[in-house]
Amino acid sequence: MSLADAARAVRENAYAPYSQFKVGAALRTPSGAIYAGCNVENVAYPEGTCAEAGAIAAMIAAGETEITEAYVIADSPAPVPPCGGCRQKLREFAKGDVKITMATTDGKTQVITVTDLLPGAFTNDHMDNG
Ligand code: THU
């Protein structure tokens, strides 16, 4: 299954009764495996989680820690950009040149690197004060 197909399929399972905005995300790792996640909302709104967070959790649960490619899809007029928090979450496991494809369900796509999504990212290097 392609990354795009995995993201499109998992999006169908999104739990988004409050926003009605279903999002699917899929990640590839160096092993070639694909991990997918969807947004999971909650009646206590801030407790909801994004699709990217779900996909990252699935990757970590499977014992992998490196993202080589990611794909995010939603039924939006323009390719859906990861939120600020998800940009930081992706950056934790993806090098700066990793490509993120943002997509709409009707076929528009835009590809962006992790560095362009989160320029000036806070990284471990910033805590290197020794
Ligand atoms: N959402 C994601 O899952 N990923 C994104 O990249 C953008 C936003 C979700 C969060 C919430 O459930 C809904 O979309 C509306 O904000």
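Every number for a ligand or one of its atoms is a count from 1 in the order of the listing. Values in this document were obtained by computation on a predicted structure and should not be read as measured data.
With hydrogens and angles disregarded, no donor-acceptor distance shorter than 3.5 Å links the side chain of Glu52 to the backbone of Lys89.
No chain of hydrophobic side-chain contacts below 4.5 Å, direct or via other Ile, Leu, Val, Met, Phe, Trp or Tyr residues, connects Val114 to Ile34. Hydrophobic clustering (side-chain heavy atoms under 4.5 Å, transitive across Ile, Leu, Val, Met, Phe, Trp, Tyr) groups Val98 together with Ile60.
Short contacts between ligand 1 and Cys83, defined as distances under 4.0 Å to a heavy atom of the residue, involve ligand atoms 6 (O). Close approach of ligand 1 to Ala51 is summarised as follows: ligand atoms under 4.0 Å from at least one heavy atom of the residue are 2 (C), 3 (O). Which parts of ligand 1 touch Glu41 is read off a 4.0 Å heavy-atom cut-off, strictly below it: atoms 11 (C), 12 (O), 13 (C). Atoms of ligand 1 lying under 4.0 Å from at least one heavy atom of Ser19, given by number and element, are 13 (C), 15 (C). Close approach of ligand 1 to Val23 is summarised as follows: ligand atoms under 4.0 Å from at least one heavy atom of the residue are 1 (N), 2 (C), 3 (O), 4 (N), 9 (C), 14 (O). Ligand 1 places these atoms under 4.0 Å from at least one heavy atom of Pro82: 6 (O). Residue Cys50 has at least one heavy-atom neighbour below 4.0 Å for each of these atoms of ligand 1: 1 (N), 2 (C), 3 (O), 4 (N), 10 (C).
At a 4.0 Å heavy-atom cut-off, ligand 1 touches Pro81 through the backbone alone.
Protein heavy atom nearest atom 9 (C) of ligand 1, with residue, atom name and distance: Asn39 ND2, 3.6 Å. In this structure, the protein non-hydrogen atom closest to atom 4 (N) of ligand 1 is Glu52 OE1, 2.9 Å. Annotation: atom 16 (O) of ligand 1 to nearest protein heavy atom, Phe21 CD2, 4.8 Å.
Two residues are said to be in side-chain contact when any heavy atoms from C-beta on lie closer than 4.5 Å; Tyr71 and Thr109 meet this criterion. Side-chain atoms of Ile73 and Thr105, non-hydrogen and from C-beta on, do get closer than 4.5 Å to each other.
Closest of all the heavy-atom pairs between Thr65 and Phe93 is O-CD2, 3.3 Å. Closest non-hydrogen pair, Val43 versus Tyr18, comes out as CB-OH, 3.4 Å. For the pair Val10 and Gly24, the tightest heavy-atom approach, listed with the atom from each and the gap, is CG1-CA, 3.9 Å.
Note on Glu66 versus Lys95: salt bridge recorded, some NZ/NE/NH1/NH2 to OD/OE distance being below 4.0 Å.
Residue Val72 has no N or O atom closer than 3.5 Å to an N or O atom of ligand 1. Not a single N or O atom of Thr49, backbone or side chain, sits closer than 3.5 Å to an N or O atom of ligand 1.
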